[in-house]
Participant: 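Dropping a structure here in structure tokens format, bear with me for questions.
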Amino acid sequence: MPELPEVEVTRRRLAPLLVGRTIASVETTKDSYFFLTKPPTLQLRLVGRTVRQLNRHGKYLLAELDDGDRLLLHLGMTGQLFSSAVTSPRLFSAKTRSSLTREGPPEFKADKHTHLCLHFTDGGPSVLFRDVRKFGKVLLLKSGIEDRRLGKLGVDALRATGRALFAAARARKVPIKTLLLDQAVIAGIGNIYADEALFLASVRPGRSARRVTASECDRIVAAAKRVMKRSIVTGGSSISDYVSPDGSDGGYQKERRVYARKGLPCLVCGTLIRRVVIATRSTHYCPACQV
DNA sequence: CTGTCCCTGATT
DNA sequence: AATCAGGGACAG
């Protein structure tokens, strides 16, 4: 489940593969709502373009092109962006691994879930966007055009402050976890890291946001940053669907303290971790440590 | 603000 | 065969 750390790891690994290279051709699967920009338009506008840089805001990736257009990429739930030249095939799932070439250096052969392939004029590795469930998005933004979904985003989680969270929390009576997941407040936090941050801050996910104090907001944001930075360093979390661009899975899943640990003892006090549903998302917390 | 839906694969 | 997973847009 790609959240900010997974998207940032993807950005770092993909940037050297994109920046400075010129797109020679574009291959896509058939049109679907995955393509906010239709495949023929993508072909028309991408071919011949050189990528200037690859940026990230929250869970969005933005490739800036030499004509000022920007290619917006969102991984959704199951999106994977990676090089066709796979360096660690053993870490792909068995099924995905079957799409690797047999002879020579491992290369990923586009399967039916590979919706976008960017090939480059230098003949080097291609960039592939694979997404089994198609919750991901591809959108080409014309130069100077702003996008509503980007405009709505709050401050990136790595730059967020407790003060900003507190300001939003005072006006809302939703559960604090719902607020953490609201990309318009803080961009980049998803279900896993929301649970982890609230655990580290000792705040129950279901508590009304307006009953969370300023110092608790400080703790929550600090914890969210800490846990996400740590996750970036270890290569991103990997529950089941996330694959780094080099084909490896992430290391952070070993570090989860509450997420998907229902019924297991709290690592701090031994109380059994509880699972509830908040904002239609599975939510995990320690009933003793978190108040 | 909450509920529904998009989609497919794994699990029950 | 039914249920679950959930990011985010949208309807109500």
Side-chain angles (χ1 to χ4, degrees), chain A residues 1-8 10 28-37 56-62 72-81 92-99 111-116 129-139 141 146-154 156-157 168-197 205-211 224 228 236-243 249-250 253 256 258-263 275-284:
Chain A
M1 303 160 204
E3 304 183 25
L4 185 149
E6 292 75 29
V7 178
E8 176 62 17
T10 297
T28 74
T29 49
K30 75 170 202 279
D31 189 23
S32 69
Y33 67 89
F34 177 84
F35 296 104
L36 296 181
T37 300
R56 180 192 59 76
H57 188 166
K59 302 174 194 173
Y60 287 88
L61 285 173
L62 282 160
L72 180 154
L73 304 164
H74 194 289
L75 297 176
M77 277 290 302
T78 54
Q80 307 168 326
L81 270 166
F92 272 113
S93 72
K95 215 162 197 178
T96 310
R97 206 157 47 224
S98 68
S99 287
D111 61 2
K112 65 173 177 175
H113 300 301
T114 308
H115 301 294
L116 181 68
F129 190 170
R130 184 172 183 270
D131 186 357
V132 169
R133 291 167 75 178
K134 292 194 276 191
F135 284 4
K137 296 279 176 283
V138 176
L139 170 65
L141 287 177
E146 292 306 316
D147 182 66
R148 274 233 328 275
R149 55 194 92 212
L150 286 180
K152 279 194 316 195
L153 289 182
D156 187 82
R170 301 194 65 163
R172 310 266 297 266
K173 58 181 182 195
V174 293
I176 183 63
K177 169 161 175 177
T178 303
L179 204 64
L180 279 182
L181 291 177
D182 186 344
Q183 304 298 299
V185 177
I186 295 177
I189 300 178
N191 205 35
I192 297 173
Y193 296 100
D195 282 4
E196 297 296 312
R207 198 193 321 168
S208 174
R210 63 181 168 177
R211 293 206 228 286
M228 290 206 255
S237 162
S238 176
I239 302 303
S240 59
D241 296 312
Y242 173 73
V243 177
D249 69 356
Q253 59 179 333
R256 283 181 285 112
V258 286
Y259 189 83
R261 294 195 69 248
K262 177 193 174 186
R275 176 187 182 277
V276 295
V277 172
I278 294 177
T280 73
R281 263 49 176 173
S282 67
T283 300
H284 315 74

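What you see is a predicted model; the values in this text were computed from it and never measured.
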Participant: For R210(A), enumerate each residue passing the side chain to side chain donor-acceptor pair (under 3.5 Å) test, keeping only those at least two apart in sequence or located in another chain.
Facilitator: none
Participant: H74(A): which residues meet the ring-ring contact (aromatic ring centres under 6.0 Å, His included) condition with it, sequence neighbours left out?
Facilitator: Y60(A)
Participant: Among residues at least two apart in sequence or on other chains, which ones pass side chain to side chain donor-acceptor pair (under 3.5 Å) with E8(A)?
Facilitator: R11(A), R12(A), R56(A)
Participant: Hey, does Q183(A) reach any base, or is it just sugar-phosphate, or nothing, if we go heavy atoms under 4.0 Å?
Facilitator: sugar-phosphate
Participant: Show, in sequence, the C-alpha distance, side-chain angles and deciding distance for T114(A) and T29(A), and conclude whether the side-chain contact (heavy atoms from CB on, under 4.5 Å) test is met.
Facilitator: CA-CA 7 Å; T114(A) 308; T29(A) 49; 5.9 Å; no
Participant: Sort out for me which residue in E6(A), M228(A), E3(A) forms a side-chain contact (heavy atoms from CB on, under 4.5 Å) with I192(A).
Facilitator: E3(A)
Participant: Residues two or more places apart in sequence or in another chain: which of them pass side-chain contact (heavy atoms from CB on, under 4.5 Å) with R170(A)?
Facilitator: F166(A)
Participant: May I have the distance from D182(A) (atom CG) to dC1(B) (atom C1'), rounded to whole angstrom?
Facilitator: 11 Å
Participant: Could you work out, with side chain to side chain donor-acceptor pair (under 3.5 Å) as the rule, every residue matching R261(A), not counting sequence neighbours?
Facilitator: none
Participant: Using whole Å, what does the distance between atom P of nucleotide dG8(C) and atom CG of L181(A) come to?
Facilitator: 9 Å
Participant: Tell me, please, which residues at least two apart from K134(A) pass side-chain contact (heavy atoms from CB on, under 4.5 Å).
Facilitator: S32(A), Y33(A), F34(A), H115(A)
Participant: Check the distance between dT2(B)'s P and K173(A)'s NZ and give it to me in whole angstrom.
Facilitator: 9 Å
Participant: Which atom pairs link the protein and nucleotides 3-7 of chain B when you take only N or O atoms and keep those under 3.5 Å?
Facilitator:
{"unit_1": "dC7(B)", "atom_1": "O4'", "unit_2": "Y33(A)", "atom_2": "OH", "d": "3.2"}
{"unit_1": "dC7(B)", "atom_1": "O2", "unit_2": "R133(A)", "atom_2": "NE", "d": "2.8"}

Participant: Who passes side-chain contact (heavy atoms from CB on, under 4.5 Å) against A194(A), sequence neighbours left out?
Facilitator: K177(A), L180(A), L181(A), I189(A)
Participant: In whole Å, I'd like the distance from the CG atom of L180(A) to the P atom of dG8(C).
Facilitator: 14 Å
Participant: Can you name the atoms? Protein N/O to nucleotides 9-11 of chain C N/O, anything below 3.5 Å, with the distance.
Facilitator:
{"unit_1": "dA9(C)", "atom_1": "OP1", "unit_2": "Y60(A)", "atom_2": "OH", "d": "3.2"}

Participant: Which residues satisfy the side chain to side chain donor-acceptor pair (under 3.5 Å) test with T37(A), sequence neighbours excluded?
Facilitator: none
Participant: Roughly how many Å is it from CG in L75(A) to P in dT8(B), rounded to a whole number?
Facilitator: 18 Å
Participant: For a stem of at least 3 consecutive Watson-Crick or G-U pairs with distances under 3.5 Å, i pairing with j, i+1 with j-1 and so on, which stems involve DNA chain C?
Facilitator: B:1-6 with C:7-12, B:8-12 with C:1-5
Participant: What distance, rounded to whole Å, do you find between the two P atoms, one in dG9(B) and one in dG8(C)?
Facilitator: 22 Å
Participant: I want to verify a distance call: between dG9(B), dG8(C), dC1(B), whose nearest atom is closest to the H113(A) side chain?
Facilitator: dG9(B)
Participant: The criterion is side-chain contact (heavy atoms from CB on, under 4.5 Å); which residues satisfy it with V174(A), sequence neighbours excluded?
Facilitator: R172(A), T178(A), L179(A)
